[in-house]
Number of protein chains: 2
Amino acid sequence: MPVKRIGKRTWSFSENIRVLAGATVAGPKEGKGQLKGKLDYVYPDMYAGQETWEKAERKMMEDAVKLAVKKSDLSVDQIDLLLAGDLLNQNISSSFSARTHQFPLIGMFGACSASMLTLATGSALVEGGFCDYVVAAASSHNATAERQFRYPTEYGSQKPESAQWTVTGAGAGVLGKGTSGPLVRYVTMGKVVDRGLKDPFDMGSAMAPAAVDTMVAHLEDTGLAPQDYDLVVTGDLAKIGYAITSDLLTEKGLHFGERYQDCGLMIYTSDQEVFAGGSGCASSALVMYAHILDQMRKGIWNRVMVTATGALMNPVSYQQGESIPCIAHSVTLETSPHERS
Amino acid sequence: MPVKRIGKRTWSFSENIRVLAGATVAGPKEGKGQLKGKLDYVYPDMYAGQETWEKAERKMMEDAVKLAVKKSDLSVDQIDLLLAGDLLNQNISSSFSARTHQFPLIGMFGACSASMLTLATGSALVEGGFCDYVVAAASSHNATAERQFRYPTEYGSQKPESAQWTVTGAGAGVLGKGTSGPLVRYVTMGKVVDRGLKDPFDMGSAMAPAAVDTMVAHLEDTGLAPQDYDLVVTGDLAKIGYAITSDLLTEKGLHFGERYQDCGLMIYTSDQEVFAGGSGCASSALVMYAHILDQMRKGIWNRVMVTATGALMNPVSYQQGESIPCIAHSVTLETSPHERS
């Protein structure tokens, strides 16, 4: 068996594992943003036809999974496993979606890094020969996140400009061996990084060092350099975290320039009020499955790294005086050489 | 590459993946129960030297992971990954433990099935060649679970006899290729099963059908029969769920007899007040890593299946009128033929 690990934290894929199809659904605000026209479905309101916001988020993940399988041209019976994660207590969006779809479930928690954690682990299970086809999915919802992590939105509590806006939506990808869709080429697993920050209204600053830690580990393990990528994105650092990450990378002599972007700044337009930018599992999930896949299929980008960041605290740990432990999991996609334009 | 999947939901391992070492730590009540003398450490009280119960649970998982690595005779640097799950919102016991240990982390959520979900996924990543050595860990704590899922214990709210007692403790196993310790032979992944039950004080009844679904899928996929096992255990069904599972298996013509037991009935002695029996991630984790490993090393049991059950609801889904979705993930361990006595 070939060793699939290079360096300490990076997995290398050789078995032609691809993102065969991706699907995204989102709320009305996201539908008016930068991804307008690229999302598979935009709900007319945040309820998505459900009675509660929690049920709405669940519906969104169910719809994203359903659409991704449909777009892959596989039958439902061919899906061996759903790997899913979300932000809600006890991962209820994921679990209830799996109840509806009746795929075997691996529930995963990485906060907003769930998008890449599920894609990474799912790809490994296909490459390892345990599954033929799997679906990776992640969701977040502005109102469920506000209610659970902060205050019910009805309170109208004010926020500083460093706060972020949780993206409402879900993204799903179908992974398997095939002939079309970008190849999953590398995964670099995240370690918990905690620089002692405690402000839940400034997640970008807390998460930036975790993103840098994983990006640097990836480059060391693979021997690749910034210019080897067409695009490198972080998941949901938004304005402040993006600036910190750019600075930290530059300090390490890693000059990505405009190749480095953040998904939290790729969802909304500048006239939409979202404080420092987007956050949530859906931030990187929407950009990955709606935008990056599309650009790679068109041959505009040939190698893209997505480093999804997650803040792993909860309100109790915060109230007990703990700082915010963060993590970032990274997936690098490539087009096949013969597909490059 | 050999196909590692047999049937629809079962993974078959051929690469000599073993549970090289396991470690368990537990609270004082658990230390006086049936596992007395088999646990690696018993804390004098539920606080484990910490200020809060949440920090105590975290300390327990940290200690279990540390002890398991120590018992494996591997160095800390040789561990490639920690796969961990617990019951707390946003998996904080797992995330904060990973912060302490600085292993790359895959956070997993399967409620009380986390013990086997982490062992199963970790084994697949080793067999697939992505990792040499990983640690799988799970924890639960009676007081953190009461506060989060029900009421703070100070309220003194009464419970029916169908309720279960969340086990306080943590278990961890080190997985990798080696020459000693039971082989990980099969994994059968769980699907969500929900029979419409809504009573959070009767989890055993809700989870029993999920356990049966996975056990039956395992037998169909592998072609094995009840008499091929020395022991088959479920994770935390306790008295009521155990009886239902026994009945459902018998209805299907599967007569396990005394070969079938439940971990929730293997933790406490009959004079300890625990309502219907034990529950929580630590229920199956303690029985697996303290008792089953030991019995297999001694050659008393040669093939054991552990089907860990999880109830995937949260208080919000319950308050919104939802029933309890359940899941069960199964791992089958074997001793090598030459090790059998």
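Naming convention: chains lettered A, B, ... in sequence-line order (proteins, then strands); numbering from 1 in each chain.
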Under a 4.5 Å heavy-atom cut-off, does chain A meet the side chain of [X], its backbone, both or neither?
| X | value |
| --- | --- |
| Ser94(B) | neither |
| Cys326(B) | neither |
| Ser93(B) | neither |
| Glu51(B) | neither |
| Phe103(B) | backbone |

Legend entry - Side-chain (Asn314(B)) to main-chain (Asn89(A)) donor-acceptor, under 3.5 angstrom: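 Pair found, side chain donor or acceptor close to backbone of Asn89(A).
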What are the two closest heavy atoms between [X] and [Y], and how far apart are they?
| X | Y | value |
| --- | --- | --- |
| Gln320(B) | Glu54(A) | NE2-OE1, 2.8 Å |
| Met189(A) | Pro104(B) | CB-CB, 4.1 Å |
| Gln90(A) | Leu87(B) | NE2-O, 2.8 Å |
| Phe130(B) | Ser12(A) | CE2-O, 4.5 Å |
| Ile79(B) | Lys8(A) | O-NZ, 3.6 Å |
| Ser95(A) | Val192(B) | O-CG2, 3.7 Å |

Inset, instruction - Flag the pair Asp132(B) and Arg5(A) as a salt bridge only when some basic side-chain nitrogen lies within less than 4.0 angstrom of an acidic carboxylate oxygen. - result: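 Yes, this pair counts.
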Taking the side chain as every heavy atom from C-beta outward, state whether [X] and [Y] have any pair of such atoms under 4.5 Å apart.
| X | Y | result |
| --- | --- | --- |
| Asn91(A) | Leu312(B) | no |
| Cys131(A) | Trp11(B) | yes |
| Met108(A) | Ile106(B) | yes |

Using a 4.5 angstrom heavy-atom cutoff, name the option from [options] with the most pairs to chain A.
| options | result |
| --- | --- |
| Glu322(B), Gln102(B), Arg147(B) | Glu322(B) |
| Thr121(B), Leu82(B), Leu117(B), Val187(B) | Leu117(B) |
| Leu105(B), Leu88(B), Leu125(B) | Leu105(B) |

Inset, instruction - Could you check His101(B) against Lys191(A) for side chain to side chain contact (heavy atoms under 4.5 Å, CB included), going step by step and ending with a plain yes or no? - result: CA-CA 9 Å; His101(B) 284 295; Lys191(A) 280 167 85 160; over 6 Å; no
Legend entry - The single option from Val193(B), Asp194(B), Ile327(B) passing side chain to side chain contact (heavy atoms under 4.5 Å, CB included) against Arg99(A):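 Among the candidates, only Asp194(B) passes.
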